[in-house]
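Contents: one structure, followed by commentary.
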There are 2 protein chains.
Amino acid sequence: MATIADVAKRAGLSRATVSRVLNNHPNVTEDKKRLVREAMEALNYVPNTTAQRLRNQKTDTIAILVPVLTNPFFAYLLEAMDMVATQNHLQLLICQTRYSKQKELDFLELLRTKQVDGLILTSYENEWKKIEPYAELGPMVLCNEYERQTKVPVVRMDQVEASYIGTRHLIEQGHERIACTNGDKSNLGKDRQAGYRRALEEYDLPIHQEWVFSNVYDIEDGKRTLRTIMNMKDRPTAVFTGSDQVAAGMIMAAKALGKKVPDDIAIIGFDDQPIARVVEPALTTIRQPIEEMGKTAMDVMIDAIAHKNQDSHLEILLPFDLVIRDSTMSKLKSISK
Amino acid sequence: MATIADVAKRAGLSRATVSRVLNNHPNVTEDKKRLVREAMEALNYVPNTTAQRLRNQKTDTIAILVPVLTNPFFAYLLEAMDMVATQNHLQLLICQTRYSKQKELDFLELLRTKQVDGLILTSYENEWKKIEPYAELGPMVLCNEYERQTKVPVVRMDQVEASYIGTRHLIEQGHERIACTNGDKSNLGKDRQAGYRRALEEYDLPIHQEWVFSNVYDIEDGKRTLRTIMNMKDRPTAVFTGSDQVAAGMIMAAKALGKKVPDDIAIIGFDDQPIARVVEPALTTIRQPIEEMGKTAMDVMIDAIAHKNQDSHLEILLPFDLVIRDSTMSKLKSISK
DNA sequence: CTGAAAGCGCTAACAT
DNA sequence: ATGTTAGCGCTTTCAG
């Protein structure tokens, strides 16, 4: 491969001058510029990115940590971030932690080894106090998942409020016995439960501890949990799930048991993923502002890289929507409206 | 940040020695090793990856070009590649072309600018003759999408055979009037049509040109196409689609029209994506060996990087499965079996 | 406006 | 076994 020295020699100029035209420095005569351009053309020259990075002490690359790519929520979030990144000539290094604490820590090291200029966390496995120190090594932004007591900027949706609204919707449909499924014990999970509880308390409805299911993540978990619910003697008539996947699994399992949704059991999802429109009945769900969240997080990151001095705790809360479809509204009721 | 020089100074040794322990060279006494380790610890030292890359002339990074992350097919393919890459201490640079010729060419430049050690294409937009020259700049592997006349190694599924088997399955269910939907005009698309035609020809069934639909990609396209089909006076009784998304859209549209699948119209998908099990009736489909394809492609790449001299055209054909579910088998028929 | 030279952080001959 | 030194390819003072 041709290097800058080759170009310089062929153009009969110094490497410095070649570098100047490469970086559009003002002080180069048109004549020399042309000479350099011709030489570059002739040699098929392209600057070596690694060398530029070493010299410039920056990589124009942002690491994004996600648990898995195959979860559509994260795929769409990445897509949004990618739009903004591309526009700003930034590369994304997409890092899958696969829910592993160790892999997460390994990826955080990217900041220390100077492989990336910044890092966005969309979810995390380790305790926050293990993660926070890495923020000293370079700009870090939290997107989606969050932490309250921190100086790291946060872009997220109000999960408590969203879950409150979702649960209230079930109550407004006349349900008084409402179950709840949850993924992990992250702040997101806790918030969703908090919103669920707030709604029940507000309407003086009982919270049955055995109606709160944890570690419920995917379609299979949803199927299993629905069967458990259906086997209870004292059983709920509605479920607030923390995930469209889980809700979809529940609908499938309910059908297999010959139960009607929403008449035998109403189900509400979370995220508004494509699957929500595909299942039958279509899912009522909380639409997360994924695109806006991803774009905003990247904007904040770009800002952080520019004025590296940002210090005070920035928190951006994005609005959500309750999308009402058929899994909570019986056909009869909708018609009677 | 501490550099290797800082460590050397603190340990009272030379940078060379520090570098040696860093790279586990044999010729270092335990004593000095310990000294170096202590110094590294004390200074919180981590080698600068960019500097190593410049010096070693390799990046341990592979670029993977995909159209979009939000298509589950590519998300799962990436997941599989990531497994193998991680095990081999390779990073993946995931590049979304968004179906843009220009972005694709920009990403191919990664090979020239030495930002990656190799590049895997899972799909491509430009004419092959525009892409092939980049293979001179570094190892390149084709995975999924392919090209016949090339020295670039290929890992793929036999699309002609898969489509033939899928279409034959419809014929075996008694269908004689079979439509076909297709995405683009890539080799994949052409192959799928070829398989469809082969099956019809073999059974002496007519191919109606108006039953072959092109540019049909997603759920919405599927819905639209199904409505078109249902409006035909002379209409097919089965559809071979090139995509589970399209097939799912068709099922949804059929239901909305009050039509029964498979009795009014049988539908077969392609890929066996999660959506295939979620729609009702569940989709009969062609299961692509995504995981194996991704892993194998990465293996081939790792091989290509190791023995850089590989020359002859390698083509690996992976087996597929016909997964029979309910969208092609009427309940009556299955029972009568 | 242009060039010489130092150096980003690391590794690998080569020498001792 | 360890150190010295010369780069990898690029950018940027500093001189001229």
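These figures come from a predicted structure and were not determined experimentally. Proteins come first, then strands; the chains are lettered A, B, ... in the order of their sequence lines, and each starts at number 1.
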Salt bridge between A/R148 and A/E315, side-chain N to carboxylate O under 4.0 Å? no
For the pair made of CE in A/M1 and C1' in D/dC10, what is the distance, rounded to whole Å? 14 Å
I'd like to know if A/E132 and A/K151 make a salt bridge, using a cut-off of under 4.0 Å between side-chain N and carboxylate O. no
Measuring to OP1 and OP2 of C/dG9, would you say a side-chain N or O of B/T3 lies under 4.0 angstrom away? no
Determine: side-chain N/O of B/K32 to OP1/OP2 of D/dT2, distance under 4.0 Å, yes or no. yes
If the cut-off is 4.0 Å, is B/Q57 near the phosphate of D/dG9, judged by side-chain N/O to OP1 or OP2? yes
Nearest whole Å is fine: how far is C/dT2 C1' from A/K33 NZ? 14 Å
Using OP1 and OP2 only, check whether a side-chain N or O of B/T17 sits under 4.0 Å from D/dG3. yes
Between CD of A/Q115 and P of C/dC10 the distance, given in whole Å, is 13 Å
Can you measure B/L22 atom CG to C/dC10 atom P for me and round it to whole angstrom units? 8 Å
Please state how far atom CD in A/E30 lies from atom C1' in C/dT2, giving the value in whole angstrom units. 15 Å
Charged N to carboxylate O under 4.0 angstrom, B/K33 versus B/E30? yes
From the options C/dT11, C/dT2, C/dA13, select the nucleotide whose nearest atom is closest to the side chain of B/R20. C/dA13
Both B/A16 and B/T50 contact DNA chain C. Taking the nearest nucleotide for each, which residue is further toward the 5' end? B/T50
The residue among A/L35, A/L13, A/T17 that forms side chain to side chain contact (heavy atoms under 4.5 Å, CB included) with A/V28 is A/T17
Any A/N27 side-chain N or O less than 4.0 Å from OP1/OP2 of C/dC1: yes
From the options D/dT11, C/dT11, C/dT2, select the nucleotide whose nearest atom is closest to the side chain of B/N23. C/dT11
Quick one: do B/R112 and B/E109 make a salt bridge, cutoff under 4.0 Å? yes
Regarding the side chain of B/L13, the nearest nucleotide among D/dC10, D/dT2, C/dC10 is D/dT2
To the nearest Å, how far apart are B/D6 CG and C/dG9 P? 9 Å
Provide, to the nearest angstrom, the distance between the CG atom belonging to B/D31 and the P atom belonging to D/dT2. 8 Å
Do you know which of B/L92, B/N88, B/T86 makes side chain to side chain contact (heavy atoms under 4.5 Å, CB included) with B/M298? B/L92
From the set D/dG7, C/dA4, D/dA1, return the single nucleotide nearest to any side-chain atom of B/R55. D/dG7
For the side chain of B/R15 and the base of C/dT11, is some donor closer than 3.5 Å to an acceptor across the two? yes
Within the pair A/T29 and C/dT2, is there a side-chain N or O less than 4.0 Å away from OP1 or OP2? yes
Please state how far atom CD1 in A/I4 lies from atom C1' in D/dC8, giving the value in whole angstrom units. 13 Å
Does A/Q52 have a side-chain nitrogen or oxygen under 4.0 Å from the phosphate oxygens OP1 or OP2 of D/dT11? yes
Against the side chain of B/S19, the closest entry in C/dT11, D/dT4, D/dC10 is C/dT11
